[in-house]
Amino acid sequence: MGFLPVEEQMAVIRRGVVEIVPEAELVAKLERSRATGKPLRIKLGCDPTRPDLHLGHSVILRKLRQFQDLGHHAILIIGDFTGMIGDPTGQNKTRPALTIEDVRRNGETYFEQAARILDPAKTEIVHNSAWLGTMTFIDVIRLASKTTVARMIERDDFTKRFQANEPISLHEFLYPLAQGQDSVHLRSDVELGGTDQKFNLLMGRALQKEDGQEPQVALLMPLLEGTDGVQKMSKSYDNYIGIDEAPNDMYGKTLRITDAQTAGWFELLTDVPTADLAAVRARCAADPRNAKHDLAWTLVRMYHGTEAADAARAHFERTVIQKEVPTDLETTEVPLPEDGRLVALMAANGLAPSLSEARRLVQQGGVTVNDLKITDPAFVPEVAVGDALVIKAGKRKFVRLRFVG
RNA sequence: GGGGGGAUACCAAAGCGGCCAACUGGGGCAGACUGUAAAUCUGUUGUCUUCGACUUCGCAGGUUCGAAUCCUGCUCCCCCCA
């Protein structure tokens with residue numbers, strides 16, 4: 001089980017990477033690993049407070065997978081302990097304190113989803129509560145003595161908050177230390193992280209040196225921009241595409257990204273061969289429309305298969321471009337309602353959160369019933385048992401109701 | 001320990017006795033347009049039995065014909081000084 005030549009490994013590793021600190025150390029580690037036949041230990045920590053993975057997470061998980069494919073050893077840390085501290089994100093929202101069970105369960109969900117990207121059989125899963133949870137107060141004080149306040153507030157996020165007179169809780173200083181301690185404990189060779197993690201990863205290096213270990217290399221991946229093209233992909237900005245997302249949604253949401261994002265998404269999110277990336281980039285510039293459709297198709301194919309990808313493309317053509325009711329619409333059987341108003345049917349069948357909202361939709365011309373536009377909010381469709389009704393609300397919400405006795 | 005400031009709808013932020021379901025911006029939704037679920041423009045954005053009614057402005061009381069706006073207590077948050 002020989003390793004590829006170092007330069008070939010580096011070509012894979014470099015794809016999409018923002019920074020490798022320091023790159024020379026990584027090359028040296030790879031060379032030694034190849035010479036001794038010993039795989040490198042690649043560490044990735046994850047935050048189990050939000051278990052739903054989206055394409056933003058996939059960037060870094062894919063990178064870990066690439067290391068696996070090169071024959072290295074992947075360690076996925078479920079941050080069940082650090083999750084209870086909460087990484088200072090600058091958002092600084094008080095996070096709900098999760099119970100151990102919550103965190104455990106989230107961790108499992110996380111891994112189930114991550115397994116769609118990683119090679120689960122070759123992934124070592126660890127929980128950092130195993131070693132962080134057993135530290136005593138004196139251990140923590142010793143750990144804290146290894147860095148300084150000045151060093152801490154160098155961290156970009158802390159600097160900003162400090163200057164803006166925003167609160168910084170003392171425990172937030174412990175987060176980078178805890179994460180660094182993970183590296184010490186696992187004796188990691190490489191840690192993967194987003195660019196926002198740079199400080200934390202470097203802290204790992206510092207603590208490893210303190211411990212007399214060879215420090216890990218920090219490999220930083222870009223933060224993927226969300227579908228709004230502005231902010232990083234995040235559930236809280238609602239600009240994300242989930243890994244579990246249904247094919248049609250995944251396809252449609254992908255088309256919503258800006259043209260400028262397309263090429264980057266190919267590089268970071270898809271399995272398009274690295275050698276082809278230059279051609280892909282050229283195509284994204286020359287023919288953004290079709291390039292983006294291909295991107296959407298590719299992503300759906302990766303997560304749902306070729307058939308689903310074809311179907312999603314067809315669905316998009318029909319419903320969005322030609323504004324037709326989808327042919328694969330499922331029929332929901334409902335009893336003949338007492339309140340037969342259109343707005344009531346909409347609210348009862350998930351087309352609108354409330355009657356008022358349904359009314360607004362109707363008044364704004366966003367609703368059709370059996371392809372007929374309805375603008376009267378008091379409209380009552382005449383239906384009898386056995387009749388079917390297709391209600392369309394907005395561009396992409398449809399429902400077909402069949403009335404039963 | 002002392003002093004000051006604040007809590008308003010999804011978020012931010014006005015309002016400071018009636019004209020407030022509550023300015024404005026962001027976000028969301030809809031319509032037009034478009035290669036697109038982008039951009040742009042327009043409308044809309046508490047609930048309901050919608051030309052009207054009802055419940056909202058940290059929580060609980062009180063003053064008043066009438067309060068998000070005044071008073072009292074409580075809870076939480078932030079800043080400054082020590």
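As a basis for the values below, the full set of heavy atoms in this structure was taken, side chains included, without hydrogen atoms, waters or symmetry mates.
The distance between atom NE2 of A/His293 and atom P of B/rA38, rounded to the nearest whole Å, is 13 Å. Look at CD1 on A/Ile374: it is 14 Å from P on B/rG31, rounded to the nearest Å. We find that CD1 of A/Ile241 is positioned 18 Å from P of B/rU36, with the value rounded to whole Å. What separates CG of A/Asn239 from P of B/rA38 is a distance of 14 Å, to the nearest Å. Residue A/Lys253 contributes atom NZ, which lies 13 Å from atom P of B/rA38 at whole-angstrom precision. Going from atom NZ of A/Lys395 over to atom P of B/rC33 covers 10 Å, rounded to whole Å. Residue A/Arg313 contributes atom CZ, which lies 14 Å from atom P of B/rU36 at whole-angstrom precision. Between the NZ atom of A/Lys392 and the P atom of B/rA30 there is a distance of 10 Å, rounded to whole Å.
B/rG18 and B/rU24 have their C1' atoms separated by 23 Å, given to the nearest Å. With C1' as the reference atom, B/rC79 and B/rG25 are 26 Å apart, rounded to whole Å. Nucleotides B/rA67 and B/rG3 place their C1' atoms 30 Å apart, quoted to the nearest Å. Nucleotides B/rC76 and B/rC59 are separated by 15 Å at their P atoms, to the nearest Å. Taking the C1' atoms as reference points, B/rC57 lies 10 Å from B/rA21, given to the whole Å. B/rG73 and B/rC23 are spaced 32 Å apart, taking the C1' atom of each and rounding to whole Å. B/rC77 and B/rC70 have their P atoms separated by 24 Å, with the value rounded to a whole Å. Straight-line distance between the C1' atoms of B/rU55 and B/rA22: roughly 14 Å, to the nearest whole Å.
Between the base of B/rG31 and the side chain of A/Gln364 there is no donor-acceptor pair shorter than 3.5 Å.
Within 4.0 Å of A/Gly252, counting heavy atoms only, lies at least one base atom of the nucleic acid. Among the heavy atoms of the strands lying under 4.0 Å from A/Arg289 is at least one base atom, whether or not backbone atoms are also near. Looking at heavy-atom distances under 4.0 Å, A/Leu255 makes contact with a base. Using a 4.0 Å heavy-atom criterion, one finds that A/Asp287 contacts no nucleic acid atom at all. Residue contacts shown for A/Asn290 are absent, as no nucleic acid heavy atom lies under 4.0 Å away.
Figure legend. B/rG66 is base-paired to no nucleotide; pairs are counted as Watson-Crick or G-U wobble with both atom distances under 3.5 Å. A 3.5 Å limit on both hydrogen-bonding distances identifies B/rG26 as the Watson-Crick or G-U partner of B/rC10.
Of the candidates B/rC29, B/rU36, B/rU47, the closest approach to any side-chain atom of A/Arg360 belongs to B/rU47. Candidate nucleotides B/rA38, B/rG31, B/rC29 were compared by shortest atom distance to the side chain of A/Arg256, and B/rA38 ranks first. In this structure, of B/rU47, B/rU49, B/rA37, it is B/rA37 that holds the atom nearest to the side chain of A/Phe316. For A/Arg396, taking side-chain heavy atoms from C-beta onward, the closest of the listed nucleotides B/rG35, B/rC48, B/rA37 is B/rA37. Candidate nucleotides B/rG31, B/rC48, B/rG35 were compared by shortest atom distance to the side chain of A/Ser354, and B/rC48 ranks first. Comparing B/rA37, B/rU49, B/rG35 against the side chain of A/Leu355 picks out B/rU49 as the nearest.
By the 4.5 Å heavy-atom criterion applied to side chains, A/Val367 and A/Phe379 are not counted as neighbours. Looking at A/Phe173 and A/Ile153, their side chains come closer than 4.5 Å, going by heavy atoms from C-beta outward.
At distances below 3.5 Å, not a single donor-acceptor pair connects side-chain atoms of A/His304 with backbone N or O atoms of A/Arg301. Side-chain N or O atoms of A/Lys392 include none that pairs as donor or acceptor with a backbone N or O of A/Asn370 at under 3.5 Å. Judged purely by atom type and a 3.5 angstrom limit, A/Arg402 has no side-chain atom pairing as donor or acceptor with the backbone of A/Ala388.
Phosphate proximity of B/rA38 to A/Thr258: absent, as no side-chain N or O sits under 4.0 Å from OP1 or OP2. Side-chain N/O atoms of A/Lys397 include none lying less than 4.0 angstrom from OP1 or OP2 on B/rA30. Residue A/Ser356 places none of its side-chain N or O atoms closer than 4.0 Å to OP1 or OP2 of B/rG46.
For A/Arg313 and A/Phe316, the positive end is not near the middle of the six-membered ring at less than 6.0 Å and at most 45° from its axis.
The line from CG of A/Leu268 to CE of A/Met221 is 5.5 Å long, rounded to the nearest 0.5 Å.
Residue A/His315 is the one, among A/Val343 and A/His315, whose nearest nucleotide of RNA chain B lies closer to the 5' end (criterion: closest heavy atom).
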